[in-house]
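Inspection log for the structure reproduced underneath, given as structure tokens.
Remember, it's a predicted structure, so these values are computed and weren't measured experimentally. Heads up: numbering here begins at 1 and tracks the sequence.
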Amino acid sequence: MPEEYCGVRPLYGGAISSTFPQRFEDVSIVRQVPDHQEAFADPARDESLIFELLDMKYDVADEGSAVWFLQDLATEQDAEEGMLIEQSGVMEAPGLSYRGNPAVVTSAVGQMAISKGRQGREAQNLVRVYLANLRLKEVATDVLITAYEPVLINPLSESANSVGAGVAVPAGQTGRLSMAEVFKLAVSTFKVNDWSLFGNSAA
């Protein structure tokens with residue numbers, strides 16, 4: 001496995017933590033990020049890692065919930081050429097338990113054509129998206145951990161200015177952790193340090 005320094009990163013003021021490579025910088029330093037999100041990016045590679053806390057979607061079944069959120073993301077991003085590459089079954093996360101009830105985890109990997117920021121469809125990049133849904137039912141919260149890995153950079157995309165157009169070289173071929181490994185690490189080390197973050201649900 002490539003040698004790359006990974007550190008425990010505080011999220012939501014330290015109430016949550018996760019481990020991933022130091023090359024991922026806090027996006028909130030350069031632009032505003034919604035309160036329910038924590039976003040990190042490696043600008044040199046146009047890779048990103050996003051954590052979100054959402055109100056529990058009770059009408060979405062545990063089985064395939066990550067696929068549902070992936071499709072919802074594709075709709076939200078006005079994505080094209082979307083395809084599902086793989087999905088996991090439902091797993092429990094004993095290390096992420098509240099009142100003795102472990103979180104339920106599903107994950108999915110897809111590929112879609114999405115534009116950067118406010119750019120139009122003519123500037124869409126082909127991106128692989130890794131998404132995990134950690135369902136914290138005791139505190140009525142759906143946690144999403146999403147990793148974005150560019151596959152093909154459009155010459156018209158603003159990403160081409162920083163990383164170049166054409167087929168993106170996978171991180172694993174450049175001595176860094178691959179995005180698949182970054183994603184698995186971030187999900188497996190996700191930890192709630194202070195359940196009061198979830199307000200009355202955790203009381």
For the pair [X] (side chain) and [Y] (backbone), establish whether a donor and an acceptor sit closer than 3.5 Å, ignoring hydrogens and angles.
{"X": "Asn133", "Y": "Val143", "result": "yes"}
{"X": "Ser18", "Y": "Ala186", "result": "yes"}
{"X": "Glu4", "Y": "Leu177", "result": "yes"}
{"X": "Arg9", "Y": "Pro21", "result": "yes"}
{"X": "Glu181", "Y": "Ser178", "result": "yes"}
{"X": "Ser28", "Y": "Asp26", "result": "no"}
{"X": "Tyr12", "Y": "His36", "result": "yes"}
{"X": "Thr106", "Y": "Ala66", "result": "yes"}

Using side-chain heavy atoms (C-beta onward) and a distance below 4.5 Å, is [X] in contact with [Y]?
{"X": "Thr141", "Y": "Met56", "value": "no"}
{"X": "Arg128", "Y": "Val109", "value": "yes"}
{"X": "Ile50", "Y": "Tyr148", "value": "yes"}
{"X": "Ile145", "Y": "Leu134", "value": "yes"}
{"X": "Leu144", "Y": "Leu54", "value": "yes"}
{"X": "Arg135", "Y": "Val60", "value": "yes"}

Report yes or no: do Phe183 and Leu96 belong to one cluster of Ile/Leu/Val/Met/Phe/Trp/Tyr joined by side chain heavy-atom distances under 4.5 Å?
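The answer is yes; both residues are in one hydrophobic cluster.
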Rounded distance (nearest 0.5 Å) linking atom [atom1] of [X] with atom [atom2] of [Y]:
{"X": "Glu38", "Y": "Ile16", "atom1": "CD", "atom2": "CD1", "result": "8.5 Å"}
{"X": "Trp195", "Y": "Ser97", "atom1": "CH2", "atom2": "OG", "result": "7.5 Å"}
{"X": "Leu70", "Y": "Gln87", "atom1": "CG", "atom2": "CD", "result": "10.0 Å"}
{"X": "Leu49", "Y": "Asp42", "atom1": "CG", "atom2": "CG", "result": "11.0 Å"}
{"X": "Phe24", "Y": "Arg45", "atom1": "CZ", "atom2": "CZ", "result": "8.5 Å"}
{"X": "Lys137", "Y": "Asn101", "atom1": "NZ", "atom2": "CG", "result": "9.5 Å"}

Exercise. For the pair Phe40 and Phe51, name the ring-plane relationship: parallel under 30°, tilted 30 to 60°, perpendicular over 60°.
Key: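 Rings of Phe40 and Phe51: perpendicular, as their planes differ by over 60°.
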For [X] and [Y], work out which heavy atoms get closest and say how close.
{"X": "Asn193", "Y": "Ser17", "answer": "ND2-OG, 3.3 Å"}
{"X": "Met179", "Y": "Ser48", "answer": "CE-O, 3.6 Å"}
{"X": "Pro10", "Y": "Gly14", "answer": "CB-CA, 4.0 Å"}
{"X": "Leu185", "Y": "Thr19", "answer": "CG-O, 3.3 Å"}
{"X": "Glu47", "Y": "Pro150", "answer": "CG-CD, 3.8 Å"}

For Leu53 and Phe198, run side-chain contact (heavy atoms from CB on, under 4.5 Å): C-alpha distance rounded to whole Å, both residues' side-chain angles, the deciding distance at 0.1 Å, then the answer. CA-CA 9 Å; Leu53 303 181; Phe198 302 101; 4.3 Å; yes
Exercise. Let me see the working for Tyr98 and Val192 under side-chain contact (heavy atoms from CB on, under 4.5 Å), right down to the final yes or no.
Key: CA-CA 9 Å; Tyr98 185 67; Val192 178; over 6 Å; no
Derivation of the salt bridge (Lys or Arg N to Asp or Glu O under 4.0 Å) call for Lys57 and Asp72: CA-CA 12 Å; Lys57 292 257 186 297; Asp72 185 58; over 6 Å; no
